[in-house]
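These notes are about the structure you will find just below.
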Amino acid sequence: MPSYHRTIEVPRTAHLHQLGTLSPETKHLWIVLHGYGQLARYFIRHFEALIDEQTVVIAPEGLSRFYLEGFSGRVGATWMTKEERLHEIADYVSYLNLVREMALREAPGAELHVLGFSQGAATVCRWLGQAQWPISQLVLWAGVFPEDMELASGSHPLKETDLTYVYGKQDHFVAEDKVQDQLKQVREAGLHPDIITFEGKHELNQEVLLALKNRRKE
């Protein structure tokens with residue numbers, strides 16, 4: 001007798017790390033998503049320089065963890081794989097919605113800034129693609145909109161968002177032709193991204209992070 005596939009929703013514990021204290025005085029909330037194989041507690045350290053009395057950074061962690069090499073040692077996390085991908089996308093979208101709602105209950109007047117690094121870039125794009133609320137700033141760092149995501153001209157929820165692409169000039173994971181093709185698509189969809197490059201590889205850059213913090217939407 002052949003088996004058949006079923007699903008069941010289960011409660012589980014998700015993990016996130018935070019810099020700063022959320023309060024009614026918080027003006028800027030950054031939600032930052034790590035790349036493949038990273039952990040939030042290490043990823044968030046790169047954002048320490050952004051913190052002040054009005055700024056808080058939250059780094060959610062991907063729901064799936066694995067050993068990076070073999071069966072022991074260092075552990076990393078991932079946002080999704082190709083296996084049951086639509087369910088994994090739906091799960092992390094629900095998870096990130098809850099993170100945002102939790103944070104804005106504690107800091108109801110904060111503007112939302114979102115940064116996705118590498119795999120986290122595709123993750124934030126899928127998450128924000130369903131958003132019905134404002135996003136002040138979206139930074140895609142060493143990543144682009146996923147190929148299967150439709151960018152409908154004139155109707156994309158990110159049309160009013162300050163969109164920036166960032167990547168290192170020596171990043172072997174970022175193909176220049178793919179970036180240029182993506183830029184053509186997003187511009188045709190009515191999005192107007194800025195481009196920031198730096199001398200570096202597949203990594204974050206403190207100088208660029210501080211420049212992004214100091215940006216203000218005109």
Side-chain angles (χ1 to χ4, degrees), residues 16-20 22-35 40 43-60 79 92-93 96-97 99-146 149 151 155-168 174 179 182-183 185-187 189-198 203-218:
L16 52 153
H17 288 257
Q18 179 173 319
L19 291 169
L22 291 164
S23 74
E25 285 70 48
T26 302
K27 291 186 177 180
H28 302 283
L29 167 64
W30 284 80
I31 296 180
V32 298
L33 271 60
H34 63 77
F43 183 66
I44 200 170
R45 294 175 182 175
H46 295 282
F47 300 88
E48 291 176 353
L50 273 62
I51 301 305
D52 55 35
E53 293 180 354
Q54 299 179 337
T55 306
V56 173
V57 177
I58 294 178
W79 292 101
Y92 73 59
V93 166
L96 295 173
N97 281 338
V99 171
R100 171 190 168 271
E101 291 167 8
M102 174 201 71
L104 291 182
R105 281 196 299 270
E106 299 176 38
E111 290 185 357
L112 178 61
H113 308 257
V114 180
L115 182 148
F117 174 75
S118 194
Q119 188 193 43
T123 303
V124 297
C125 289
R126 291 191 176 102
W127 171 40
L128 299 179
Q130 54 82 56
Q132 300 299 316
W133 22 263
I135 305 102
S136 177
Q137 185 177 12
L138 171 60
V139 181
L140 302 183
W141 195 304
V144 296
F145 283 91
M149 184 173 175
L151 297 173
S155 62
H156 199 278
L158 298 175
K159 188 175 179 182
E160 302 302 320
T161 298
D162 183 359
L163 172 62
T164 305
Y165 286 84
V166 182
Y167 60 95
V174 178
V179 172
Q182 169 97 157
L183 291 175
Q185 294 180 49
V186 298
R187 286 166 179 155
L191 304 178
H192 305 286
D194 291 327
I195 313 299
I196 298 177
T197 60
F198 62 94
E203 59 194 358
L204 294 169
N205 176 284
Q206 289 294 302
E207 184 177 342
V208 175
L209 285 173
L210 287 172
L212 290 168
K213 175 188 175 178
N214 294 327
R215 288 171 66 108
R216 291 294 181 265
K217 189 174 180 182
E218 296 180 357

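Bear in mind the structure is a predicted one, so any value in this text is a computation, not a measurement.
A salt bridge (Lys or Arg N to Asp or Glu O under 4.0 Å) check over residues 113-122, counting only residues at least two apart or in different chains, returns nothing. Counting only residues at least two apart or in different chains, salt bridge (Lys or Arg N to Asp or Glu O under 4.0 Å) contacts with residues 132-144 are absent. Residues in residues 137-146 take part in no salt bridge (Lys or Arg N to Asp or Glu O under 4.0 Å) pair, two or more places apart or across chains.
Within the 3.5 Å criterion, the main-chain N or O of His46 finds a donor-acceptor partner in the side chain of Gln206. Checking side-chain atoms of Trp141 against main-chain N and O of Glu203 turns up a donor-acceptor pair under 3.5 Å. For Glu207 (side chain) and Phe198 (main-chain N/O), no donor-acceptor pair under 3.5 Å exists by modelled atom type. Of the possible donor and acceptor atoms, none in the side chain of Gln18 sits under 3.5 Å from a partner among the backbone N and O of Val56. Under the 3.5 Å distance criterion, the side-chain polar atoms of Thr161 are matched with a main-chain donor or acceptor of Ile135.
Residues passing the side chain to side chain donor-acceptor pair (under 3.5 Å) test with Gln130, sequence neighbours excluded: Asn97. With sequence neighbours left out, Ala211 forms a side-chain contact (heavy atoms from CB on, under 4.5 Å) with no residue at all. Remark: Glu25 engages Ser23 in a side chain to side chain donor-acceptor pair (under 3.5 Å) (not counting sequence neighbours). For Pro134, the side-chain contact (heavy atoms from CB on, under 4.5 Å) criterion is met by no residue, not counting sequence neighbours. Annotation: salt bridge (charged side-chain N to carboxylate O under 4.0 Å, His left out) contacts of Arg100 (sequence neighbours excluded): none. In this structure Thr123 satisfies the side chain to side chain donor-acceptor pair (under 3.5 Å) test with no other residue, sequence neighbours excluded. For Gln185, the side-chain contact (heavy atoms from CB on, under 4.5 Å) criterion is met by Asp181, not counting sequence neighbours. For Val179, the side-chain contact (heavy atoms from CB on, under 4.5 Å) partners at least two apart in sequence or on another chain are Tyr167, Val174, Leu183. Asp52 is linked by a side chain to side chain donor-acceptor pair (under 3.5 Å) to Thr55, Lys213, counting only residues two or more places apart in sequence or in another chain.
For the pair Leu140 and Leu138, the tightest heavy-atom approach, listed with the atom from each and the gap, is CD2-CD1, 3.9 Å. Nearest approach of Ile58 to Ala103, heavy atoms of both residues: CD1-CB, 3.8 Å. The shortest heavy-atom contact between His34 and Ala40 is CD2-N, 4.3 Å. What you find for Trp79 and Tyr92 is that their closest heavy atoms are O-CD2, 3.4 Å. Closest approach of Val139 and Leu212 over heavy atoms only: CG1-CD1, 3.9 Å. Contact detail for Ser118 and Gly35: the closest heavy-atom pair is CB-CA, 4.1 Å.
From Trp133, atom CH2 reaches atom CG of Leu104 across 8.5 Å, with rounding to the nearest 0.5 Å. The CZ atom of Phe47 sits 13.5 Å away from the NE2 atom of His17 when rounded to the nearest 0.5 Å. For the atom pair CD (Glu53) and NE2 (His28), the distance works out to 12.5 Å, reported to the nearest 0.5 Å. With values rounded to the nearest 0.5 angstrom, Asp194 atom CG is found 10.0 Å from Gln137 atom CD. Here Leu50 contributes atom CG and Leu115 contributes atom CG; the two are 9.0 Å apart, rounded to the nearest 0.5 Å. Atom CG of Leu96 sits about 12.5 Å away from atom CZ of Arg126, to the nearest 0.5 Å.
Side-chain contact between Trp127 and Ile31 is present, with at least one heavy-atom pair separated by less than 4.5 Å. A heavy-atom distance below 4.5 Å is not found between the side chains of Ser136 and Asp162.
Note on ring orientation: taking the six-membered ring where Trp is involved, the planes of Trp30 and His113 are parallel (angle under 30°, cut-offs 30° and 60°).
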